[in-house]
S.K.: 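I have a structure I would like to understand better, so I am pasting it below and will then ask my questions one at a time.
Count residues from 1 along the sequence.
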Amino acid sequence: MAEYDAIAREYRESKRLPFREHVERHTLFELLGDVRGAVVLDLACGDGFYTRLLKEAGAREITGVDVSAAMIELAEKREREHSLGCWYVHADVAEFEPAEPVDLVVAAYMLNYARTPGQLLRFCRVCYKSLKPGGRLVGLNNNVRNVAVASGSLRKYGLERTWDRPLAEGDAIRYTFSAGGQRFGFDNYYLTPNTHTAAFERAGFRGFRWVDVALHPSEADNPYWDEFMANPPIVAFEAER
């Protein structure tokens with residue numbers, strides 16, 4: 001995770017990009033619904049961006065977990081400056097076990113770090129074991145259903161993604177962000193939609209489904225978003241224990 005330790009502050013700035021708010025955040029919270037009173041685990045929490053938003057939305061207890069020490073340091077610094085009651089743990093999510101099962105697991109861009117079907121299954125099992133019976137897993141992922149050769153340019157949205165073609169199971173997809181006057185990138189990994197479905201089923205989840213991203217109604221008539229929404233690079237998902 002040295003790569004993420006090195007770009008922690010730049011990655012935090014990328015949360016200010018418009019697509020993060022008007023598409024990513026809107027989609028996630030529409031899918032989450034009412035989280036008031038819930039005990040929540042935010043896996044691969046980064047600098048705690050969604051951890052804080054979930055607490056502000058009414059989560060009773062929330063713990064963020066991330067493998068990057070620099071990301072957790074930023075999250076804890078923000079908690080000291082503006083205390084909301086969020087807890088953070090520096091740990092590999094693939095090894096993490098909460099003290100008690102939770103109502104809701106949120107996993108924003110965690111699954112796309114799995115390079116093999118076995119690693120993906122391991123992530124899914126951690127999520128499953130972390131949940132109470134009837135608990136939900138809700139997350140965001142790189143859109144593995146949209147890796148067409150002719151995908152539109154996302155550069156004007158502050159995002160680029162490149163890969164060797166043809167894209168095969170386990171191949172890297174390079175994500176490059178331009179935010180806050182900085183340009184930085186990192187690799188995620190491609191596993192097919194069928195591989196994801198199989199991993200969720202083997203882990204024990206019910207009702208796994210992909211959920212297409214949606215644009216916030218306030219931006220519905222803005223043609224700026226046409227290209228992004230025609231070829232969305234991100235997708236949401238949910239499943240139930």
S.K.: Is the charged tip of Arg20 near the ring of Tyr11: under 6.0 Å from the six-membered ring centre and within 45° of its axis?
M.R.: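 Positive - Arg20 is close enough to the ring of Tyr11 and near enough to its axis.
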S.K.: Any idea which heavy atoms bring Pro98 and Leu41 closest together, and the distance?
M.R.: CG-CD2, 4.4 Å
S.K.: If you measure from CD on Glu79 to OG1 on Thr51, what distance do you get to the nearest 0.5 Å?
M.R.: 9.5 Å
S.K.: State, yes or no, whether a side-chain contact exists between Pro233 and Leu154 at a heavy-atom distance under 4.5 Å.
M.R.: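 Counting from C-beta outward, Pro233 and Leu154 do come under 4.5 Å.
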S.K.: Can you list the other members of the hydrophobic cluster that holds Leu84, where links are side-chain heavy atoms under 4.5 angstrom apart?
M.R.: none
S.K.: Parallel, tilted or perpendicular: which describes the rings of Phe19 and Phe177, with under 30° parallel and over 60° perpendicular?
M.R.: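 If you compare the ring of Phe19 with that of Phe177, the planes turn out parallel.
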S.K.: Is there a path of hydrophobic side-chain contacts, each under 4.5 Å between heavy atoms of I/L/V/M/F/W/Y residues, joining Val23 to Tyr109?
M.R.: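 Yes: a chain of side-chain contacts under 4.5 Å links Tyr109 to Val23.
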S.K.: Just by distance, do the side chain of Asp47 and the backbone of Arg12 share a donor-acceptor pair under 3.5 Å?
M.R.: no
S.K.: Using atom types as modelled and distance alone, determine if a side-chain donor or acceptor of His90 lies under 3.5 Å from a backbone N or O of Val65.
M.R.: no
S.K.: In terms of relative ring orientation, are Phe200 and Phe208 parallel, tilted or perpendicular, with 30° and 60° separating the classes?
M.R.: parallel
S.K.: Hey, are the side chains of Tyr157 and Leu17 touching, using non-hydrogen atoms and a 4.5 Å cut-off?
M.R.: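 Counting from C-beta outward, Tyr157 and Leu17 never come under 4.5 Å.
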S.K.: Please step through side-chain contact (heavy atoms from CB on, under 4.5 Å) for the pair Leu137 and Phe205, ending with a clear verdict.
M.R.: CA-CA 9 Å; Leu137 167 62; Phe205 279 105; 3.8 Å; yes
S.K.: Taking the side chain as every heavy atom from C-beta outward, state whether Arg145 and Asp212 have any pair of such atoms under 4.5 Å apart.
M.R.: yes
S.K.: So Trp210 and Val144, do their side chains get closer than 4.5 Å, heavy atoms only?
M.R.: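 Yes, close enough: below the 4.5 Å cut-off.
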S.K.: Are Phe186 and Ile72 linked, directly or through other ILVMFWY residues, by side chains that come within less than 4.5 angstrom of each other?
M.R.: no
S.K.: Stepwise, does the side-chain contact (heavy atoms from CB on, under 4.5 Å) test hold for Glu21 with Glu219?
M.R.: CA-CA 11 Å; Glu21 176 180 356; Glu219 296 290 310; over 6 Å; no
S.K.: Are Val126 and Trp87 joined in one hydrophobic group, where the rule is that I, L, V, M, F, W and Y side chains link up if heavy atoms are under 4.5 Å apart?
M.R.: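 As far as the 4.5 Å side-chain criterion goes, Trp87 and Val126 are not connected within one cluster.
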S.K.: Just wondering, are more than 12 heavy atoms of other shown residues or ligands nearer than 6.0 Å to CD in Glu81?
M.R.: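 More than 12 within 6.0 Å, yes.
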S.K.: Using a strict cut-off of less than 4.0 Å between a Lys/Arg side-chain nitrogen and an Asp/Glu carboxylate oxygen, indicate whether Glu73 and Lys77 qualify as a salt bridge.
M.R.: no
S.K.: Work out which heavy atom in Ala108 is nearest to a heavy atom in Tyr50; give both atom names and the distance.
M.R.: CB-CD1, 4.2 Å
S.K.: Does Asp103 use its side chain to pair, donor to acceptor, with the backbone of Val39 at less than 3.5 Å?
M.R.: yes
S.K.: Is the closest side-chain heavy-atom distance between Asp42 and Thr63 below 4.5 Å?
M.R.: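 They are not in contact (no side-chain heavy atoms under 4.5 Å apart), so the answer is no.
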S.K.: Find out whether His26 and Pro217 are in side-chain contact, i.e. whether some heavy atom of one side chain is under 4.5 Å from a heavy atom of the other.
M.R.: yes
S.K.: Please determine whether a side-chain nitrogen of the Lys or Arg among Arg115 and Asp187 lies less than 4.0 Å from a carboxylate oxygen of the Asp or Glu.
M.R.: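 A salt bridge is absent here (no side-chain N lies under 4.0 Å from a carboxylate O).
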S.K.: Do Phe237 and Tyr189 sit in the same hydrophobic cluster, where Ile, Leu, Val, Met, Phe, Trp and Tyr count as joined when their side-chain heavy atoms come under 4.5 Å apart?
M.R.: no
S.K.: Between Leu43 and Phe123, is there a side-chain heavy-atom distance shorter than 4.5 Å?
M.R.: no
S.K.: Grab the two heavy atoms, one from Arg209 and one from Leu31, that are nearest each other, plus how far apart they are.
M.R.: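 Closest heavy-atom pair between Arg209 and Leu31: NH2-CD1, 4.0 Å.
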S.K.: How about Phe29 and Leu53: do any of their side-chain heavy atoms sit closer than 4.5 Å?
M.R.: yes
S.K.: With a 4.0 Å cut-off, would you call Glu97 and Lys129 a salt bridge?
M.R.: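 Result for this pair is no, no salt bridge flagged.
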S.K.: Within a 6.0 Å radius of atom CG on Asp34, are there more than 12 heavy atoms belonging to other residues, nucleotides or ligands?
M.R.: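 Yes.
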